[in-house]
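What follows is a set of notes on a single structure, which appears directly below.
Convention: sequence-line order gives letters A, B, ...; per-chain numbering from 1.
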Protein chains: 2
Amino acid sequence: MGRLRLDVNPAPATTPADADAGAHPDAGEEAAGPDGEGTLRRRSATIQDVADEAGVSRAAVSKVIRDAYGVSPEMRQRVEAVIARLDYRPRVAARAMRGSSFTLGLEIPQIGNDFHSVMAAGATDFLAETPYQLVIAPIRDPQEGDKAIQSLADRQVDGIVAVAPLVSSDWLDRLAERIPVVMVGRHDISTRYDTVAGDDEAGAEEVMEHLIELGHRHIAFLDIDRRRGQGGRSKTFISPTGRDPHAIRRRVYHEHMGALGLPPRVVNGAGHMEEDAAAAVRPLLDDDESRPTAIFAGHDTLAVGALRAIAAAGLDAHDVSVAGFDDIPIASHPMISLTSVDQQGYAIGQEAIRLLLERMGGRTEAVRLQMPTTLRVRGSTAPPRRR
Amino acid sequence: MGRLRLDVNPAPATTPADADAGAHPDAGEEAAGPDGEGTLRRRSATIQDVADEAGVSRAAVSKVIRDAYGVSPEMRQRVEAVIARLDYRPRVAARAMRGSSFTLGLEIPQIGNDFHSVMAAGATDFLAETPYQLVIAPIRDPQEGDKAIQSLADRQVDGIVAVAPLVSSDWLDRLAERIPVVMVGRHDISTRYDTVAGDDEAGAEEVMEHLIELGHRHIAFLDIDRRRGQGGRSKTFISPTGRDPHAIRRRVYHEHMGALGLPPRVVNGAGHMEEDAAAAVRPLLDDDESRPTAIFAGHDTLAVGALRAIAAAGLDAHDVSVAGFDDIPIASHPMISLTSVDQQGYAIGQEAIRLLLERMGGRTEAVRLQMPTTLRVRGSTAPPRRR
DNA sequence: ATGAAAGCGCTAACAA
DNA sequence: TTGTTAGCGCTTTCAT
């Protein structure tokens with residue numbers, strides 16, 4: 001599956017059109033023209049075609065489509081009519097060569113993670129009345145963040161928003177010299193790119209205080225697994241600064257456990273997916289004695305996976321409580337009812353784009369935004385059953 | 001919120017670099033070079049820079065990066081060294097002007113719909129070992145599908161996969177004259193673009209037979225709402241052919257109800273979102289007498305929303321059963337346990353890309369693929385309580 | 001207000 | 001095997 005024949009190279013896009021003797025392609029006309037309705041790809045109208053047809057210069061057409069200064073109403077009208085008739089669309093690639101592509105890139109480390117979806121929705125909505133188009137570059141392995149970001153940069157996007165906790169800040173600094181960059185979920189201090197992040201420290205503290213107050217003492221931390229994708233990729237590495245969101249959440253967990261003299265227990269999620277988390281949690285539940293009474297999951301997708309294992313084992317919140325992070329939409333579903341930290345993913349997406357547009361508009365000082373968090377207490381956390 | 005200052009126009013990307021007197025940008029060197037570490041955006045290396053630095057022609061460099069025929073090992077090595085040192089990256093926009101952009105576009109009508117996420121994952125995975133990058137164009141309103149597709153086309157992607165049930169097939173035919181297109185979830189017969197779709201008819205039949213067999217007679221159909229975004233967008237319209245997936249599911253529902261002489265009851269989901277569906281279902285539950293005993297939801301996101309309303313009202317599957325379509329990941333969660341039709345979203349994503357690559361490789365006959373469906377019976381459907 | 005012309009970075013004939 | 005050259009479609013001075 002997934003094996004593709006190696007005829008991958010696209011057919012040369014060169015049309016047999018050599019007759020450059022003022023031949024208007026007449027693209028978009030309903031009359032199919034002299035060219036048979038065969039299968040050959042038809043060339044579409046260029047700015048030159050429009051200019052010829054309207055009897056003006058390319059420059060004039062360019063001014064019309066850019067709404068630039070210096071066009072008479074009559075010319076504008078004439079040109080616009082031809083544009084409509086020929087169904088002319090400016091080629092973004094050609095524009096990009098001279099300036100901007102009016103495209104913004106968003107890299108997210110996991111398609112299907114609802115937190116990222118919500119963030120992307122915020123970004124998309126914010127761009128609505130803007131001339132910019134957002135494109136998302138999805139990746140398979142969270143470790144490949146730098147590749148996807150680079151790929152976006154190669155495509156001449158005018159700016160990049162990325163969620164990539166593991167990419168080195170040096171590399172990002174270098175990238176940000178070339179193109180405006182806003183990083184989401186990073187707490188590092190860069191002078192070249194902006195950051196937007198939730199307050200991971202405060203959020204994690206709320207969770208731990210809540211669990212402890214409920215009476216839990218045997219609390220496990222369900223972490224994402226960074227050992228995956230161990231290939232020695234040069235620019236990607238395990239965050240050494242401990243400043244990525246999951247490292248912070250884990251540290252706060254350790255601090256609270258330590259303060260109470262409780263032994264920490266970190267379980268590796270073996271990935272980012274719900275199923276990975278369920279698999280990692282399952283063995284914890286076997287033994288009634290050693291079983292934790294609560295699990296603090298690094299993010300909601302892991303938390304939902306933990307709930308999957310717990311429910312499948314016939315246990316409930318009084319046996320094993322679960323708290324997550326992100327407050328993804330399903331968390332508030334009454335049948336899931338997951339206690340979670342709301343870090344305003346939608347607003348994060350909006351703010352990231354706002355900052356990016358600001359930067360593209362000329363701002364040069366770096367801005368760091370931290371969103372406040374709110375603990376949403378729900379049914380998945382309850383006092384532990386006395387044993 | 002979301003209101004952005006109108007300094008949206010990107011700063012002109014022209015660097016003040018006028019000294020074209022053989023100045024190598026020396027991009028990517030760790031030594032910051034003579035230029036102060038100020039804020040001006042640095043120009044990055046071009047193929048010309050590499051050629052100059054390596055003492056060869058542009059064509060030679062081009063051949064090296066394209067792995068083309070006719071380069072001596074020595075030259076290749078020399079060029080590659082310079083490429084690495086200068087951190088040279090070919091500009092995709094420039095390449096796109098001469099041929100392909102090595103970018104494939106995926107348009108999905110709703111970011112955050114898990115079925116689309118799974119599909120996108122299949123597409124992404126299939127492209128893994130390929131030189132192509134997938135970019136996703138998200139949209140806010142499902143009605144804007146044509147805009148997003150057009151936007152992708154404007155960006156010179158080499159091919160397009162789209163989920164856009166409401167776009168007219170004429171428009172798509174015209175688009176497909178210019179660029180390879182594969183449509184997902186459409187059952188129409190086009191000679192210019194391919195289609196991949198689940199077997200909506202068979203899937204819906206399985207659902208209805210299952211509900212009826214359980215003993216349900218008062219079955220409602222929870223439909224997406226097509227009245228939204230009523231603005232008269234020229235190329236978008238309510239599918240007149242009745243061949244879009246939701247129209248088919250609804251038709252099968254009507255047929256089964258009619259065959260049993262039962263009165264149909266179609267409820268509008270007022271959108272595609274879970275919350276929309278919950279709001280639409282709530283009023284159905286008020287009156288014990290008129291309350292349906294089962295709901296067939298047009299897709300799983302709506303079904304989960306229905307479950308939200310049902311659970312919030314303190315009811316369960318014996319009061320109101322729910323069946324959905326798509327078998328999104330959360331459906332199998334034991335706390336949700338939603339009966340649903342599996343139409344292999346992941347495989348659909350893979351197949352769509354496979355067909356697209358085939359088409360890009362030269363195939364001209366249209367291919368229509370239909371994926372078989374499987375009903376996953378779970379806890380959300382149960383025999384109705386006797387009243 | 002309009003147009004001529006240069007050039008963005010790359011690929012693809014074609015020559016050498 | 002290598003280099004020269006002509007564009008791809010657009011924006012942008014700079015003349016007119």
With nearest nucleotides of DNA chain D determined for A:A94 and B:G55 from heavy-atom distances, which residue corresponds to the more 5′ nucleotide?
-> B:G55
Between the side chains of A:S62 and A:R66, does any donor sit under 3.5 Å from an acceptor?
-> yes
Atom CG of B:D52 and atom P of C:dC10: how far apart are they, to the nearest Å?
-> 12 Å
Donor-acceptor pair, A:D49 side chain versus A:T46 backbone, under 3.5 Å?
-> yes
Sorted by number, residues from residues 64-75 of chain B placing a heavy atom under 4.0 Å from DNA chain D are B:Y69, B:G70, B:V71, B:S72, B:M75
Under-3.5 Å N/O pairs linking protein and nucleotides 14-16 of chain C:
none

A:I83 CD1 to D:dC10 C1', in whole Å, measures 13 Å
Separation of atom CD1 in A:I47 from atom P in C:dC8, rounded to whole Å | 18 Å
Ion pair B:E358/B:R354, N-O distance below 4.0 Å = yes
With a non-hydrogen cut-off below 4.0 angstrom, is B:A59 in contact with a base, only sugar-phosphate, or nothing?
-> base
Are the side chain of B:R359 and the backbone of B:R192 linked by a donor-acceptor contact shorter than 3.5 Å?
-> yes
Expressed in angstrom and rounded to an integer, what is the separation of B:Y88 atom OH from C:dC10 atom P?
-> 3 Å
Just to confirm, is there a sub-4.0 Å distance from OP1 or OP2 of C:dT11 to any side-chain nitrogen or oxygen of B:S62?
-> yes
Can you tell me if A:S101 uses its side chain to pair, donor with acceptor, with the backbone of A:Q156 under 3.5 Å?
-> yes
Send over the distance from B:M97 CE to D:dC10 P, rounded to a whole Å.
-> 7 Å
In Å and rounded to the nearest 0.5 Å, what is the CZ to OG1 distance from B:R140 to A:T124?
-> 8.5 Å
Hey, is B:D87 close enough to A:R174 for a salt bridge, meaning N to O under 4.0 Å?
-> no
Taking the side chain of B:R91 as its heavy atoms from C-beta onward, which of C:dG9, D:dG9, D:dT11 lies nearest to it?
-> C:dG9
Take the protein atom CZ of B:R58 and the nucleotide atom P of C:dC8, then report the distance between them rounded to whole Å.
-> 10 Å
Using only side-chain N and O atoms of A:R95, determine if any of them is under 4.0 Å from OP1 or OP2 of D:dT11.
-> yes
Closer than 4.0 Å, any side-chain N/O of B:S57 to the OP1 or OP2 of D:dG3?
-> yes
Classify the side-chain pair B:S151/B:R155 by whether it contains a donor and acceptor separated by less than 3.5 Å.
-> yes
Whole angstrom is fine here: how far is it from CD in A:Q156 over to P in D:dC10?
-> 16 Å
N or O in side chain of A:R98 less than 4.0 angstrom from D:dT12 OP1/OP2 | no
Has A:Q48 got more than 12 heavy atoms of other residues, nucleotides or ligands less than 6.0 Å from its CD?
-> yes
